[in-house]
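A short worksheet on the structure shown next.
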Amino acid sequence: MGNLHYAPDKLQVLPHVALSAQDREDLHVIQDHLVQLDFRCVPTETVRGPNDQLF
């Protein structure tokens, strides 16, 4: 996931990822279904995963 832009109701968790409360809730549901998540803006960027306590 990447390029989720900031808005006043979102929490900036990485330079190119800002999550609303609903986004965080949705990501937990996705993760509960054993989908592997990673966060980066471009393919060459270091992968950040949910273990990094992003949401």
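No experiment lies behind these values; they were computed from the predicted model shown. Only this structure's heavy atoms are used, side chains among them; waters, hydrogens and symmetry mates stay out.
Side-chain N or O atoms of D23 include one that pairs as donor or acceptor with a backbone N or O of S20 at under 3.5 Å. For the pair Q12 (side chain) and P15 (backbone), a donor-acceptor distance under 3.5 Å is present.
Under the side-chain contact (heavy atoms from CB on, under 4.5 Å) criterion, E25 pairs with Q22, not counting sequence neighbours. Applying the side-chain contact (heavy atoms from CB on, under 4.5 Å) criterion to V29, with sequence neighbours excluded, gives H33.
Shown here for R24 and L19, the closest heavy-atom pair between the two residues is NH1-O, 2.7 Å.
Under the 4.5 Å side-chain heavy-atom criterion for grouping Ile, Leu, Val, Met, Phe, Trp and Tyr, L27 is not connected to Y6 through any hydrophobic cluster. Using a 4.5 Å cut-off between side-chain heavy atoms of Ile, Leu, Val, Met, Phe, Trp and Tyr, with links allowed through other members, F39 and V35 fall into the same hydrophobic cluster.
In this structure, L14 CG and E45 CD are separated by 7.5 Å, a value rounded to the nearest 0.5 Å.
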